[in-house]
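These numbers come from a predicted model, not from an experiment. In this chain, numbering begins with 1 at the start of the sequence shown. We count ligands from 1, going down the list as the structure has it; atoms in each ligand are counted the same way.
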Amino acid sequence: MLNKDLLLSLERIVGPENVLTEQSDRLIHGYDATQKQYMPDVVVYVENSLQVSEIVKLANQYNIPILPRGAGSGFTGGSLPVQGGIVVVLTRMNAILDIDEDNLTATVEPGVVTAHLQREVEKSGLFYPPDPASKEFSTIGGNVAECAGGPRCVKYGVTKDYILGLEVVTPTGDILHTGGVTMKNVAGYDLTKLFVGSEGTLGIVTRITVKLLPKPAAKKTMLVQFSSIDSAARAVSTIIRNKIIPTTLEFLDATTIECIRGKTGLPVLEKCRALLIIEVDGDQEILEKQTDKILGLLTPLGILESRVAADHTEAEAIWDVRRSVSPSMRKINPDKFNEDIVVPRSKVPDMIRALEKISSTYDVPIVNFGHAGDGNIHVNVMVDLQQPGMQATVDKVLLEIFQTTVDMGGSISGEHGIGTAKAPFLRLEIDPATLHYMQMLKKALDPNNIMNPGKIFLETSPEQLAFPTQLQDDPQ
Ligand SMILES: Cc1cc2nc3c(=O)[nH]c(=O)nc-3n(C[C@H](O)[C@H](O)[C@H](O)COP(=O)(O)OP(=O)(O)OC[C@H]3O[C@@H](n4cnc5c(N)ncnc54)[C@H](O)[C@@H]3O)c2cc1C
């Protein structure tokens, strides 16, 4: 039961109409794309950073969790109120404050929807590259908190590469300004980088300055079909080794292709076992040369068919193939464990082979697709959890996938973050000393552990932050 005084104080800060306590209101602010559901104690809609600061101070005073929330589209449980508390919704802080055409920057509030920012800057011939597939609904604040990526990141990098400065309300309610609006800035520690990707555990981002690029003049989209995943994987390394960095280099494996067969406007050949969608951008004449060069490199690798889109409509038909993947997957099984491992680019073929082996060892379908160009593979373990013992099998499958990824020098998450979903696996990748320093940082900024608790680390209560025993043990 929420403390009455706390409720009154919240109403005083944002107005009673912006404090929601009805069960139905709390219910619809307690889920994300993991399809898990938790109940917050109260939901608060904010309009400025001063309100956010006052609410955070209250949360400290009453020692109650506080959860920043954008669109709630996260894949790893980042916005879930796993310990109840105050959900702070940032979607009404959605102003584009400035598009600076002289300095190629934009300053925005965190609730701006990513695609909206992209469309607005494009009106001035500018370009904000990070393009999560959720861009039509996810917020820039959520993108910053997760360091979101997307297909274009092969060439252009991820969200952190575009963040110049932030305004952040810390877990004790102070308002910080990190970085600035300039391309260079080495004054003091780079706190901007610390907050980007911190999954709402170190503070609430209330203002963001992003770097923009000139909008590329044109792009060309290709769909290439292969008879084996090996030849597709060789194609990826051949392109990169020849120093061509396409804008996107997406792949679909054989199981994914089976899911989408007959569901797209474009025919997928019967013999096709792997697909690449390749896009290049830049000046028209360079594009023609790059397209020819890529097809020239791929032809000896045994492609079944290649198709270059003649115009925007054909390019969209190619992208429909990729977009049809997620909706088609449940054809295999109703429950999906959606992971986003990343391995060094050269290891993509080895990782795909390892995934095939894990799939057959445990007799569990694994559907793989994603951003081959940067080694980021979306691994979907498709199961029916109603089957007896299936959850235990999934646990083993995930552990093996993550361990294999780490053994290859990769990471358990390329863009979706750790949240609650991957917290049990973080120790596979991060050594105890590094993990301990991360937790000390968290404790220094958030002494009462109120800011999005229960995320990233399994041990989130201060008394569990003791130095890891592994370091104290006798090494023998
Ligand atoms: C269909 C679909 C496709 C997707 N495709 C991609 C993809 O291609 N690439 C990719 O990277 N992700 C993808 N995602 C995942 C998700 O959309 C991203 O993680 C996105 O960045 C989350 O934004 P959001 O506004 O929904 O944040 P939320 O889900 O609301 O929150 C995500 C995390 O950010 C924190 N947070 C939110 N706002 C703030 C703030 N202002 N300050 C501090 N912390 C904050 C929350 O506490 C939480 O920990 C996809 C999701 C879906 C459902």
Please indicate whether any nitrogen or oxygen in Ser134 is less than 3.5 Å from any nitrogen or oxygen in ligand 1.
yes
If the cut-off is 4.0 Å to any non-hydrogen atom of Pro110, which atoms of ligand 1 fall inside it?
41 (N)
Would you say Val205 and ligand 1 have an N/O pair spaced under 3.5 Å apart?
yes
Min over Pro68, Cys153, Ala145 of heavy-atom distance to atom 46 (C) of ligand 1 lands on Pro68
Compute the minimum heavy-atom distance from Gly203 to ligand 1 and say whether it is under 4.0 Å.
yes
Check Asp32 against ligand 1 and report side chain, backbone, both or neither, counting heavy atoms closer than 4.0 Å.
neither
To atom 53 (C) of ligand 1, the nearest of Pro132, Gly370, Pro130, Ser73 on a heavy-atom basis is Ser73
Side chains of Thr247 and Glu279: do they bring a donor and an acceptor to under 3.5 Å?
no
The atoms of ligand 1 lying under 4.0 Å from a heavy atom of Ala33, numbered in the order shown, are 53 (C)
Using a 3.5 Å cut-off on N or O atoms only, is Gly74 in polar contact with ligand 1?
yes
Can a side-chain donor-acceptor contact be found between Thr404 and Asp407 if the only test is distance below 3.5 angstrom?
no
If we set the cut-off at 4.0 Å for heavy atoms, which region of Asn452 has an atom near ligand 1: side chain, backbone, both, or neither?
side chain
Should Phe137 be counted as touching ligand 1, given the test is an N or O pair under 3.5 Å?
no
When you look for heavy atoms under 4.0 Å from ligand 1, do you find them on the side chain of His416, its backbone, both, or neither?
side chain
Which one of Asp98, Ile99, Leu117 satisfies the side chain to side chain contact (heavy atoms under 4.5 Å, CB included) criterion with Val108?
Leu117
Which bit of Glu146 gets closer than 4.0 Å to ligand 1, counting heavy atoms only: side chain, backbone, both or neither?
side chain
Hey, are Glu258 and Arg261 close enough for a salt bridge, meaning a charged N less than 4.0 Å from a carboxylate O?
yes
Would you say Glu339 and His378 are linked by a side-chain donor-acceptor pair, where the criterion is simply a distance under 3.5 Å?
no
Note: ligand 1 atoms sitting under 4.0 Å from heavy atoms of Gly200 are 43 (C), 44 (N)
Any carboxylate oxygen within less than 4.0 angstrom of a Lys/Arg side-chain nitrogen, looking at Glu54 and Arg12?
yes
Is there at least one pair of N or O atoms, one from Ala133 and one from ligand 1, spaced under 3.5 Å apart?
yes
Would you say NZ of Lys336 has more than 12 non-hydrogen atoms from neighbouring residues, nucleotides or ligands within 6.0 angstrom?
yes
Scan side-chain atoms only and decide if Asn63 and Asn448 contain a donor-acceptor pair under the 3.5 Å cut-off.
no
Hey, which atoms in ligand 1 end up nearer than 4.0 Å to a heavy atom of Glu199?
49 (O)
May I ask you to check if ligand 1 and Glu415 share an N or O to N or O distance below 3.5 Å?
yes
Quick check: closest heavy atoms across Ser73 and Ser138, and the distance to 0.1 Å?
OG-CB, 3.7 Å
For ligand 1 and Gly150, I'd like to know whether there is a polar contact (N/O to N/O, distance under 3.5 Å).
no
Is the Lys NZ or Arg CZ of Lys211 less than 6.0 Å from the centre of Tyr162's six-membered ring, within 45° of the axis?
yes
Hey, are Thr201 and Asp446 close enough side-chain-wise for a donor-acceptor pair under 3.5 Å?
no
If you measure only the distance, is there a donor-acceptor pair under 3.5 Å linking the side chains of Asn143 and Thr114?
yes
Name the option, out of Gly414, Gly72, Gly149, that contains the heavy atom nearest to atom 10 (C) of ligand 1.
Gly149
Ligand 1 atoms in contact with Ala148 (distance to a heavy atom under 4.0 Å)
11 (O), 21 (O)
Pairs of nitrogen or oxygen atoms closer than 3.5 Å, one from Leu90 and one from ligand 1: do any exist?
no
Does even one non-hydrogen atom of Ile204 get within less than 4.0 Å of ligand 1?
yes
Should you measure from each heavy atom of Asn143, which atoms of ligand 1 turn up under 4.0 Å away?
20 (C), 21 (O)
Tell me whether the rings of Phe425 and Phe402 are parallel (<30°), tilted (30 to 60°) or perpendicular (>60°).
tilted
With side chain to side chain contact (heavy atoms under 4.5 Å, CB included) as the test, would you mind laying out the steps for Thr255 and Ile366 before giving the verdict?
CA-CA 7 Å; Thr255 324; Ile366 301 182; over 6 Å; no
Please report whether ligand 1 has a polar contact with Gly78, defined as an N or O pair separated by less than 3.5 Å (distance criterion only).
yes
